[in-house]
Protein chains: 2
Amino acid sequence: MDSSILQDSQSNAPAKPVQREHSECMGILRPIRDALDVLNGKWKLPIIVALTFGEKRFGEISREVHGITDRVLSKELQDLVMNGLVKRTVTDTFPVKVTYALTPHSESLQEVIDSLRKWGVLHRTYLQNEDRKAS
Amino acid sequence: MDSSILQDSQSNAPAKPVQREHSECMGILRPIRDALDVLNGKWKLPIIVALTFGEKRFGEISREVHGITDRVLSKELQDLVMNGLVKRTVTDTFPVKVTYALTPHSESLQEVIDSLRKWGVLHRTYLQNEDRKAS
DNA sequence: CGGTATCCGATAGGATACTG
DNA sequence: CAGTATCCTATCGGATACCG
């Protein structure tokens, strides 16, 4: 199987294994891409963050996540519901009240969000230092 | 400063503070969006992951991050260099050898990557359970 | 209030070909 | 090997209008 071949044309190449560098084959990249497929885009994580403070109505989310339009919010919420990260609840009063809340499964995202938030702060600091140096 | 006002029109409203729900004003959403602005897209984090195993040449990254095209890889690397996350080094041999490596600053991303990878695994498990239930 | 429909521009990203 | 140039499509996301 691993009969120490040299695939390089230079026969005096050091004993560096040929494989090894394939982090994808090692299954490290796949989960990352799985996660990105679900979370990618400008709005999904901000919406989830807004909901971490408790269930909210459509208009509340809209106001809290500055800049998002109704159309996009609607679509993103549908995506999140489909992926099991958000639960949509219709209360049958008049007028109808619709609330969105995180699911138990989405609570596992907290670590992702925390690390991302921390890094966002760090990166902003980094950029400021760069700017100062450049000036 | 916090002279216990009621801004609500209903004077008998309970003591729930009117603000509170504005996580954006509380500065929680802003770092998240900062981070997403830099990291968003399908490829940036996978490229960084590939580089965590050591500096690599263009072709090596291309092979490791399956599915990316040369054009996109080129553009993404430029973005990452501009954001201070990747260092590009030209060794002046013949043919020219170009290597890409992470910068010290990008090592602070490790926590983001780890949490994202862990969540990717978790989410895949979650989806499989959902499918099983649905069948 | 809680959305959907329609339209549209901007950008992400893929295919292919080519260069030093 | 390490890209760039060109072209193209699909998706993202904004504006506006409208509906129950």
Side-chain angles (χ1 to χ4, degrees), chain A residues 7-10 13 16 18 21 29 32-33 36-48 50-51 54-83 86-101, chain B residues 8-10 21 29 32-33 36-48 50-51 54-83 86-101:
Chain A
Q7 302 187 333
D8 206 0
S9 56
Q10 307 187 338
K16 266 192 184 162
V18 181
E21 56 198 26
L29 277 181
I32 302 265
R33 304 212 28 194
L36 289 180
D37 284 345
V38 178
L39 303 175
N40 212 355
K42 193 174 171 181
W43 300 112
K44 295 208 178 58
L45 284 177
I47 290 170
I48 290 174
L51 290 176
E55 65 169 30
K56 289 200 163 54
R57 307 178 64 168
F58 189 90
E60 291 176 314
I61 305 173
S62 174
R63 261 170 274 125
E64 191 148 353
V65 182
H66 294 325
I68 197 168
T69 63
D70 287 353
R71 177 191 171 284
V72 171
L73 177 54
S74 174
K75 187 193 154 296
E76 296 291 72
L77 283 171
Q78 285 174 23
D79 285 356
L80 291 171
V81 169
M82 279 203 314
N83 279 302
V86 165
K87 173 96 188 297
R88 182 181 190 268
T89 307
V90 180
T91 310
D92 205 355
T93 55
F94 182 80
V96 173
K97 180 180 178 182
V98 182
T99 56
Y100 295 88
Chain B
D8 206 358
S9 55
Q10 306 187 341
E21 56 197 27
L29 277 181
I32 302 265
R33 304 211 29 193
L36 289 179
D37 283 345
V38 178
L39 304 175
N40 213 356
K42 194 173 171 181
W43 300 113
K44 294 206 179 60
L45 285 177
I47 290 170
I48 290 174
L51 290 176
E55 65 169 31
K56 289 201 164 53
R57 307 177 62 168
F58 189 91
E60 291 176 313
I61 306 172
S62 174
R63 262 170 273 124
E64 191 149 351
V65 182
H66 294 325
I68 198 168
T69 63
D70 287 353
R71 177 189 171 287
V72 171
L73 177 55
S74 175
K75 185 192 156 296
E76 296 291 74
L77 282 171
Q78 286 174 23
D79 285 356
L80 292 171
V81 169
M82 279 203 314
N83 280 301
V86 165
K87 174 96 187 298
R88 181 181 189 267
T89 306
V90 180
T91 310
D92 205 356
T93 56
F94 182 79
V96 174
K97 180 178 177 181
V98 182
T99 57
Y100 295 89

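Chain letters run A, B, ... following the sequence lines, proteins first and then strands; every chain starts at 1.
If you take CD of Glu60(B) and C1' of dG3(D), they are 15 Å apart, rounded to a whole angstrom. Distance Ile68(B) CD1 to dT4(D) P: 13 Å, rounded to the nearest Å. Going from atom CZ of Arg63(A) over to atom C1' of dC1(C) covers 10 Å, rounded to whole Å. To the nearest angstrom, P of dG3(D) lies 13 Å from CG of Leu80(B). Between Asp37(A) atom CG and dC12(D) atom C1' the separation is 15 Å, expressed in whole Å. A straight line from CG of Asp70(B) to P of dA17(C) spans 14 Å, rounded to a whole angstrom. Residue Leu77(A) contributes atom CG, which lies 7 Å from atom P of dG3(C) at whole-angstrom precision.
Considering only heavy atoms from C-beta on, Val98(B) stays 4.5 Å or farther from Thr89(B) through its side chain. By the 4.5 Å heavy-atom criterion applied to side chains, Leu51(A) and Lys56(A) are counted as neighbours. A 4.5 Å side-chain heavy-atom check between Val96(B) and Val90(B) finds at least one atom pair inside the cut-off.
Although no hydrogens or angles enter the test, the distance criterion places no donor-acceptor pair under 3.5 Å between the side chain of Thr91(A) and the main chain of Thr93(A).
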Enumerate, atom names and distances included, each donor-acceptor pair closer than 3.5 Å involving a side-chain atom of residues 67-79 of chain B, sequence neighbours excluded.
residue, atom, partner, partner atom, Å
Thr69(B), OG1, Val72(B), N, 3.3
Lys75(B), NZ, Asp79(B), OD2, 3.1
Glu76(B), OE1, Lys44(B), NZ, 3.4

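Residue Leu29(A) holds its CG atom at 8.5 Å from NE2 of His66(B), rounded to the nearest 0.5 Å. Note that NZ of Lys42(B) is 12.0 Å distant from CD1 of Ile47(B), once rounded to the nearest 0.5 Å.
A close approach under 4.0 Å does not occur between any side-chain nitrogen or oxygen of Gln78(B) and OP1 or OP2 of dG3(D). The shortest distance between the side-chain N/O atoms of Tyr100(A) and the OP1/OP2 oxygens of dG3(C) is below 4.0 Å.
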Provide a list of protein-nucleic acid N or O atom pairs under 3.5 angstrom, restricted to nucleotides 18-20 of chain C.
none

Between the protein and nucleotides 7-13 of chain C, list the N/O to N/O atom pairs that are separated by less than 3.5 angstrom.
residue, atom, partner, partner atom, Å
dG13(C), OP1, Lys42(B), N, 2.8
dG13(C), N7, Arg71(B), NH1, 3.4
dG13(C), O6, Arg71(B), NH2, 3.4

Next on the checklist: One pair to check against side chain to side chain contact (heavy atoms under 4.5 Å, CB included): Arg33(A) and Trp43(B). What are the steps and the verdict?
Outcome noted: CA-CA 9 Å; Arg33(A) 304 212 28 194; Trp43(B) 300 113; 3.3 Å; yes
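Applying the side chain to side chain contact (heavy atoms under 4.5 Å, CB included) test to Val81(A) and every residue at least two apart in sequence or in another chain returns Val86(A), Arg88(A).
Between Ala50(A) and Val65(A) the shortest heavy-atom distance is CB-CG2, 4.1 Å.
Contacts between residues 86-94 of chain B and DNA chain D, defined by a heavy-atom separation under 4.0 Å, are made by Arg88(B).
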